[in-house]
Q: 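The following block contains the structure, expressed as structure tokens.
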Amino acid sequence: MSTPPAPTNFIEEIIVEDLESGKHGGRIHTRFPPEPNGYLHIGHAKAITISFEMAKKYGGRTNLRMDDTNPTTEETHYVDMIKNDIKWLGYEWEDEVLYTSDYFPQLYAFAQDLIRKGYAYVDDSTAEEIAEQKGDIGVPGTNSPYRDRSPEENLALFEGMKNGDFPDGSKVLRAKIDMAHPNLLLRDPVLYRIKHEAHHRTGDEWCIYPLYDFAHGQSDSIEKITHSLCSLEFRHHRDLYNWLIEKLEIFPSRQIEFARMNVDYFITSKRRLKLLVDQGVVTGWDDPRLGTLAGMRRKGYPAEAIRNFCVDTGVAKRDNQQEFDLLEFKVREILNRDAHRYMAVLDPVKLVIENYPQGQVETLTIDNNPGDETAGTHEMPFSRELLVEREDFSKEPQGRKYYRLAPGKDVRLKGGYIVHCLGHEEDADGKVTQINCTYYPDSKSGEDTSGVKAKGTLHWVSAEHAVDIEVRQYDKLFTDPQPMNHEDKDFMEFINPDSLVTITAKGEPALGEISEGGQHFQFLRKGYYVSDPDSKPGHPVFNLTVGLKSSWKGKK
RNA sequence: AGACCUAUGGUGUAAUUGGCAACACAGCUGGUUUUGGUCCAGUCGUUCUAGGUUCGAGUCCUAGUAGGUCUACCA
């Protein structure tokens, strides 16, 4: 066997150790176990990345398993969304999607085994009574009065539970461990509860359902998962995970916990996400302002960028808070490489080239990506009347490092000519209505013999040929990077009122052809944009993915 | 308060397992550029505290401090 790749974090160190010691015959098998009751978000992306990449790196496999043990909250709809999101992220699971619910018969048999061995009992206590029996942190609990029922009686009662002889909440199956254990989870945890409720896959077949602690580890074991990776809050569950594996004498999967990733401006709490959707703060679970996979996809974040972000932020056991800047860097990194450059003027003002022939239209060739020769070119019309960005003109520029339009300045129109700014016209309110220029006929891009030097280059569109495009200017959803970390204030108080500003902009003609979502562009000098699924023929819609980085401190 | 986990620049992650604390992002300077983008160069700044072991400690030991997790018939 060849030597395994060098580990880059503590989990990989464990994997390498296991590989070298020949544990499980050198087999590596991980799993991602979402509960199908909500949408996947950036935190899940981290978990997915860790489990899938780890297996990939060490020649292992990864299962996708729906952890569907609670019929009350789970729906098939979510299963479909989850599968779609994971595929989009770029991962393929082993074989078919697996379901914890497929193991219900096996889990039931495990429970019977536990009962026979004297490690579990049926308890008639109410939920409140069980809570009381738990004791408290640092205070031992008390035994349930039903704790010492015989295995025979327990077996019969448990079967009765399964057969629907008892109403919801009247009985539970509990592990018999230690009511004084310092880990509260080992104070006779509930293993099975009665729920006369239809399950999204097993229908009415069952009226008892296992709880997480009696389903998750057992499912890992059934699938012979070697390394079960989960987040830190499950640390205390590991003691129970191991106890059950030991008592059941089943395949010893190993649980390893890592710190989950937090990202500035993103909320990952299912409850809060739902609140934002229900209250109409955002338009849905796929709103581009949310940290859901569906939202980030709609915002134009490439899957590759999200994967890189998750991988490059590493794996450790301390709480972490990732800066939004890094995520945006990862997004720009991919988009700069891949996105084709087009021109769109967000806040247009007319620019007239006085010495350019009336009615003349030239077709100019624009590089799709100056950093990638293979990306090709596209054409756009140039004419006497153009539209340029209002902020690219100044009546009285401040400072000598001003490269844009101002009286007396020379500026290159990207892919076209250099123009000389003469002045402007304005309305009664002092608002600029037109910029007047002349152009240097021998300064055409690619064949410039004018000798004129223009420090600035601007984007533009031909007024006559430009098309209306709907542009959704997204900004961060919150005004605070960690809106839920304020003890005195609710996170809803930090909603950014300007997180979405919708405008009608002027795009170059080619943008008018866009009629479907998911196409990435760079609007020259403005930012990266993606066409939105709301786009219709004749009505293209673009979402701001991320702005271009700017080192210009003159404005904004 | 019991138990468990964690502590390295502004953020995050490394450090050949006891041997010159590095990489990325962010910030700041400058250069290139038909995007004030990209790219390139430079720069800023770090081992929670106190003891101890050792020729030598971010790493090992002790004590403290700080943060996190745990008392659902949720996962």
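None of these values were measured; they are calculated from a predicted model. Within every chain, numbering begins at 1; the chains are lettered A, B, ... in the order of the sequence lines, protein sequences first and strands thereafter.
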Q: NA contact type, A:Y403, heavy-atom cut-off 4.0 Å: base, sugar-phosphate, or nothing?
A: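 Result for A:Y403 = base.
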
Q: Determine the interatomic distance between C1' on B:A57 and the same-named atom on B:C48; round to the nearest Å.
A: 16 Å

Q: Taking N and O atoms by type only, does the side chain of A:S445 place a donor or acceptor under 3.5 Å from a partner on the base of B:U34?
A: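 Per atom types, the contact qualifies.
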
Q: Check this one for me: any side-chain N or O of A:K401 less than 4.0 Å away from OP1 or OP2 of B:G30?
A: no

Q: Check every strand shown and say whether A:T72 touches a base, only sugar-phosphate, or nothing at a heavy-atom separation below 4.0 Å.
A: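 Nothing, no nucleic acid heavy atom in range.
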
Q: What are the atom names and distances for every N/O pair under 3.5 Å that joins the protein to nucleotides 68-75 of chain B?
A:
residue, atom, partner, partner atom, Å
B:G68, O4', A:D319, OD2, 3.4
B:U69, O2, A:H236, NE2, 2.6
B:U71, O2, A:D136, OD1, 2.9
B:U71, N3, A:D136, OD1, 3.1
B:C73, N4, A:S125, O, 3.2
B:C73, N4, A:A127, N, 3.3
B:C73, N4, A:G169, O, 2.9
B:C74, OP2, A:R193, NE, 3.0
B:C74, OP2, A:R193, NH2, 2.7
B:C74, O3', A:R193, NH2, 3.3
B:C74, O2', A:N70, ND2, 3.2
B:A75, OP1, A:T69, OG1, 2.6
B:A75, OP1, A:R193, NH1, 3.4
B:A75, OP1, A:R193, NH2, 3.1
B:A75, OP2, A:Y212, N, 2.9
B:A75, O4', A:E35, OE1, 3.4
B:A75, O3', A:D67, OD2, 3.0
B:A75, N6, A:H237, NE2, 3.0

Q: Report which part of the nucleic acid A:K414 touches: base, sugar-phosphate, or nothing (heavy-atom distance under 4.0 Å, all strands).
A: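 Base, at least one base atom sits under 4.0 Å.
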
Q: If you compare every side-chain N and O of A:K317 against the phosphate oxygens of B:A7 (OP1, OP2), does one of them come in below 4.0 Å?
A: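 For A:K317, the contact criterion (side-chain N or O under 4.0 Å from OP1 or OP2 of B:A7) is not met.
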
Q: Would you classify A:Q522 as touching base, sugar-phosphate or nothing, given that sugar-phosphate means primed atoms plus P, OP1 and OP2, and contacts are heavy atoms under 4.0 Å?
A: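 The residue A:Q522 makes base contact.
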
Q: Output the rounded distance in Å from CZ (A:R525) to P (B:U33).
A: 18 Å

Q: Hey, does the side chain of A:R337 come within less than 4.0 Å of B:U38's phosphate (OP1/OP2), counting only N and O?
A: no

Q: Which nucleotide, B:U11, B:G36, B:A26, lies nearest any side-chain atom of A:W552?
A: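 Ranking B:U11, B:G36, B:A26 by closest atom to the A:W552 side chain puts B:G36 first.
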
Q: Calculate, to the nearest 0.5 Å, the distance between atoms OG1 and CG belonging to A:T100 and A:N70 respectively.
A: 12.0 Å

Q: In whole angstroms, how far is the C1' atom of B:A26 from the OH atom of A:Y265?
A: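 That distance rounds to 13 Å.
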
Q: A:H520 and A:G300: which non-hydrogen atoms are nearest, and at how many Å?
A: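 Closest pair (atom of A:H520, atom of A:G300, distance): CE1-O, 3.1 Å.
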
Q: Just call it for A:G446: base, sugar-phosphate, or nothing, with non-hydrogen atoms closer than 4.0 Å on any strand.
A: base

Q: Within the modelled atom types, does a donor on one side and an acceptor on the other bring the side chain of A:E323 and the base of B:G10 under 3.5 Å apart?
A: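 Checked by distance alone, the answer is yes.
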
Q: I want to verify a distance call: between B:U34, B:C25, B:A15, whose nearest atom is closest to the A:E13 side chain?
A: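 Between B:U34, B:C25, B:A15, the one nearest the side chain of A:E13 would be B:A15.
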
Q: Using the C1' atom as the point on both nucleotides, what is the distance between B:U47 and B:A22, in whole Å?
A: 13 Å

Q: Ring-plane angle category for A:H44 and A:F32, please: parallel below 30°, perpendicular beyond 60°, tilted otherwise.
A: perpendicular

Q: Using the P atoms only, state how far B:A15 lies from B:G58, rounded to an integer number of Å.
A: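 It comes out at 15 Å once rounded to the nearest Å.
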
Q: Please report the distance separating the C1' of B:C39 from the corresponding atom of B:G45, rounded so that it comes out in whole Å.
A: 25 Å

Q: Distance between the P atoms of B:U49 and B:C44, in whole angstroms?
A: 23 Å

Q: Closest approach of A:N369 and A:R337, non-hydrogen atoms and distance?
A: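 Closest heavy-atom pair between A:N369 and A:R337: ND2-O, 3.0 Å.
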
Q: Roughly how far apart are A:I86 CD1 and A:L40 CG, rounded to 0.5 Å?
A: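 Those atoms lie 5.5 Å apart.
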
Q: Can you check the A:Q322 CD to B:A24 P distance for me, whole Å?
A: 16 Å

Q: Specify whether A:Y209 and A:H199 have parallel, tilted or perpendicular ring planes, treating 30° as the upper limit for parallel and 60° as the lower limit for perpendicular.
A: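 It falls in the parallel class, under 30°.
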
Q: Could you check whether the rings of A:Y119 and A:W243 sit parallel, tilted or perpendicular, using 30° and 60° as the cut-offs?
A: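 The arrangement is perpendicular - the two ring planes meet at more than 60°.
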
Q: When the distance from CG of A:D325 to P of B:G27 is rounded to whole Å, what number comes out?
A: 6 Å

Q: Between which residue ranges does RNA chain B form stems of three or more consecutive Watson-Crick or G-U wobble pairs, both distances under 3.5 Å?
A: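 Ordered by first number, the stems with RNA chain B (at least 3 consecutive pairs each) read B:2-7 with B:65-70, B:10-13 with B:22-25, B:27-31 with B:39-43, B:48-52 with B:60-64.
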
Q: Measure from CZ on A:R332 to P on B:C25 and round the result to the nearest Å.
A: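 So the CZ-P distance, A:R332 to B:C25, works out to 12 Å.
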
Q: How far, in whole Å, is B:G9 from B:U43 if one measures between their C1' atoms?
A: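 Comparing C1' positions in B:U43 and B:G9 gives a spacing of 14 Å.
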
Q: Kindly label the base of B:U17 as syn or anti, based on whether its glycosidic torsion lies within 90° of 0.
A: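 Syn, angle within 90° of zero.
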
Q: Could you pull out the closest heavy-atom pair between A:Q522 and A:A339, with the gap in Å?
A: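 In this case the closest contact between A:Q522 and A:A339 is N-CB, 3.9 Å.
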
Q: Roughly how far, to the nearest 0.5 Å, is the CG atom of A:L524 from the OH atom of A:Y342?
A: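 Rounded to the nearest 0.5 Å, the OH-CG separation comes to 12.0 Å.
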
Q: Take atom CG of A:N320 and atom C1' of B:G67, then tell me their distance rounded to the nearest Å.
A: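 That distance rounds to 13 Å.
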
Q: For A:V139, answer base if it contacts any base atom (sugar-phosphate contacts may also be present), sugar-phosphate if it contacts only those atoms, and nothing otherwise; contact means non-hydrogen atoms under 4.0 Å.
A: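 A:V139: no heavy atom of the nucleic acid under 4.0 Å.
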
Q: Calculate the interatomic distance between A:R238 atom CZ and B:C5 atom P; express it in whole Å.
A: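 Taking atom P of B:C5 as the reference, CZ of A:R238 is at 8 Å.
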
Q: Ring of A:Y108, cation from A:K162 - is the NZ or CZ under 6.0 Å from the centre and inside 45° of the axis?
A: yes

Q: Taking the C1' atom of each, how far is B:U71 from B:C4, in whole Å?
A: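 Per the computed distance, 14 Å lies between those C1' atoms.
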
Q: Against the six-membered ring of A:F309, is A:K330 placed for a cation-pi contact (under 6.0 Å from the centre, within 45° of the normal)?
A: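 No cation-pi geometry.
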
Q: Work out how far the P atom of B:A72 is from that of B:U16, and round it to whole angstrom.
A: 43 Å

Q: Quick one: CD on A:Q218 to CZ on A:F110, what's the gap to the nearest 0.5 Å?
A: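 If I round to the nearest 0.5 Å, the distance is 7.0 Å.
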
Q: Could you state the atom-to-atom distance from CG of A:L326 to P of B:C25 in whole Å?
A: 8 Å

Q: Which part of the nucleic acid does A:G415 contact within heavy-atom distance under 4.0 Å: base, sugar-phosphate only, or nothing?
A: base

